[in-house]
Protein chains: 2
Amino acid sequence: MNQIDIFKALSNETRLEILKWLKEPEKHFDKPSAHLSKNMNEKGGVCVGDIVEKAGLSQSTISQYLTMLQKAGLLESERHGQWTYYRRNETIIKELWNSLKEEL
Amino acid sequence: MNQIDIFKALSNETRLEILKWLKEPEKHFDKPSAHLSKNMNEKGGVCVGDIVEKAGLSQSTISQYLTMLQKAGLLESERHGQWTYYRRNETIIKELWNSLKEEL
DNA sequence: TATGTTAATCGGGTTTTTTCGATATGTCAA
DNA sequence: TTGACATATCGAAAAAACCCGATTAACATA
């Protein structure tokens with residue numbers, strides 16, 4: 001858990017938004033994808049395309065942003081067929097919160 | 001309190017360090033400046049020169065970093081004679097914690 | 001008032017970030 | 001196996017961040 005990498009990831013409007021959207025996916029991504037398994041739905045993953053549409057940036061940019069958020073540890077991903085679903089890594093986010101409370 | 005500006009300010013090793021140093025100034029800045037009023041000492045302000053020395057970067061860079069941290073709201077400054085003392089703005093930092101706990 | 005000291009600002013070379021379009025990879029379905 | 005679709009990766013132009021030395025501004029004091 002590198003704090004600098006986390007802050008870098010969060011210091012971009014779009015990436016910060018993505019993290020917040022994924023806190024309540026059902027609220028921000030109306031259409032429940034048909035290809036989404038019930039299990040996946042419970043875990044709250046959202047596929048890249050839906051995030052691209054919502055963010056209004058290019059597919060390549062969003063894909064890179066998601067990778068960056070994942071490398072920072074804030075997101076985790078799971079591939080199902082041709083779709084990759086991203087969801088928050090709540091464990092790391094809680095850890096971040098604790099370390100900030102202590103150190104910051 | 002702009003979260004993006006705060007994250008940008010924190011996404012640099014030196015600036016993050018400065019903020020942490022200022023959490024316990026007496027621990028990280030040994031020499032209590034003679035020119036430091038008792039009142040100032042209680043509030044824990046540290047002058048720019050001491051931070052420059054500790055950080056090992058140029059005076060201009062540190063001055064700019066401090067300004068940036070201040071603009072983000074994380075630090076506050078007070079000028080006494082030819083010295084400017086910087087200290088943490090604990091109110092804002094607490095606000096930041098709360099907003100992160102809620103929104104992030 | 002002239003000098004020295006502290007801190008802020010300016011201008012700029014270098015590196016990193018941002019964001020894109022094009023292309024590659026992986027997967028499903030006919 | 002071919003075509004269509006989702007996502008990842010590549011290469012690059014533009015913008016921003018990094019960090020410096022030089023200069024300016026503000027202040028103290030002799």
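Atoms considered below: every heavy atom in the structure, side chains included; atoms not considered: hydrogens, waters and symmetry mates. Below, read A as the first sequence line, B as the second, and so on, with proteins coming before strands; counting in each chain starts at 1.
Side-chain atoms of B:Leu100 and A:Leu96, non-hydrogen and from C-beta on, never get closer than 4.5 Å to each other. Within the 4.5 Å cutoff, no side-chain heavy atoms of B:Leu69 are placed close to those of B:Tyr86.
Between the CD1 atom of B:Ile4 and the C1' atom of C:dT18 there is a distance of 14 Å, given to the nearest Å. Nucleotide C:dA7 holds its C1' atom 16 Å from the CD atom of B:Glu53, rounded to whole Å. Per the geometry, CG belonging to B:Leu66 stands 12 Å off P belonging to C:dT9, to the nearest Å. In this structure, CG of B:Asp5 is placed 13 Å from C1' of D:dA16, rounded to the nearest angstrom. One interatomic measurement links the two molecules: CD1 of B:Ile51 to P of D:dC19, which rounds to 16 Å at whole-angstrom precision. Atoms NZ (A:Lys71) and P (C:dT17) sit 12 Å apart, rounded to a whole Å. To the nearest angstrom, C1' of D:dA25 lies 16 Å from CH2 of B:Trp83. For A:Lys8 and C:dT17, the NZ to C1' distance is 9 Å, given to the nearest whole Å.
Near DNA chain C, meaning a heavy atom under 4.0 Å away, the residues from residues 55-62 of chain A are A:Leu57, A:Ser58, A:Ser60, A:Thr61. The stretch residues 14-25 of chain B touches DNA chain D through B:Arg15, each having a heavy atom within less than 4.0 Å of the strand.
Of the candidates C:dG11, D:dC10, C:dA7, D:dC10 carries the atom nearest the A:Gln64 side chain, counting heavy atoms from C-beta on. For A:Gln82, whose side chain is taken as the heavy atoms from C-beta onward, the closest listed nucleotide among C:dG26, C:dT17, C:dA8 is C:dG26.
Between B:Thr84 and C:dA8, a side-chain N or O to OP1/OP2 separation shorter than 4.0 Å is present. Close to C:dT19, at under 4.0 Å from its OP1 or OP2, lies a side-chain N or O of A:Tyr65. Remark: A:Asn12 is in phosphate contact with C:dT18, judged by side-chain N or O atoms under 4.0 Å from OP1 or OP2.
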Side-chain donor-acceptor distances from residues 5-12 of chain B under 3.5 Å, at least two apart:
residue: B:Asp5; atom: OD2; partner: B:Asn2; partner atom: ND2; Å: 3.4
residue: B:Ser11; atom: OG; partner: B:Phe7; partner atom: O; Å: 3.4
residue: B:Ser11; atom: OG; partner: B:Lys8; partner atom: O; Å: 2.9
residue: B:Asn12; atom: OD1; partner: B:Thr14; partner atom: N; Å: 2.9
residue: B:Asn12; atom: OD1; partner: B:Arg15; partner atom: N; Å: 3.1

If you look only at distance, which donor and acceptor atoms sit under 3.5 Å apart when one is on a side chain in residues 70-77 of chain A and the other is two or more places apart or in another chain?
residue: A:Gln70; atom: NE2; partner: A:Ser77; partner atom: OG; Å: 2.9
residue: A:Glu76; atom: OE2; partner: A:Arg87; partner atom: NH1; Å: 2.9

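Applying the side-chain hydrogen bond (donor to acceptor under 3.5 Å, both in side chains) test to A:Gln59 and every residue at least two apart in sequence or in another chain returns nothing. Residues satisfying the side-chain hydrogen bond (donor to acceptor under 3.5 Å, both in side chains) criterion with A:Ser63, sequence neighbours excluded, are absent altogether.
Note: A:Trp21 and A:His28 have tilted aromatic rings, judged against thresholds of 30 and 60 degrees for the angle between ring planes.
In this structure, B:Asp50 and B:Phe29 approach most closely via the heavy-atom pair O-CE2, 3.7 Å.
Closest-nucleotide positions on DNA chain C for A:Gly81 and A:Met68 were compared, and the one nearer the 5' end corresponds to A:Met68.
With hydrogens and angles ignored, the 3.5 Å screen pairs a side-chain donor or acceptor of B:Lys23 with a backbone N or O of A:Leu104.
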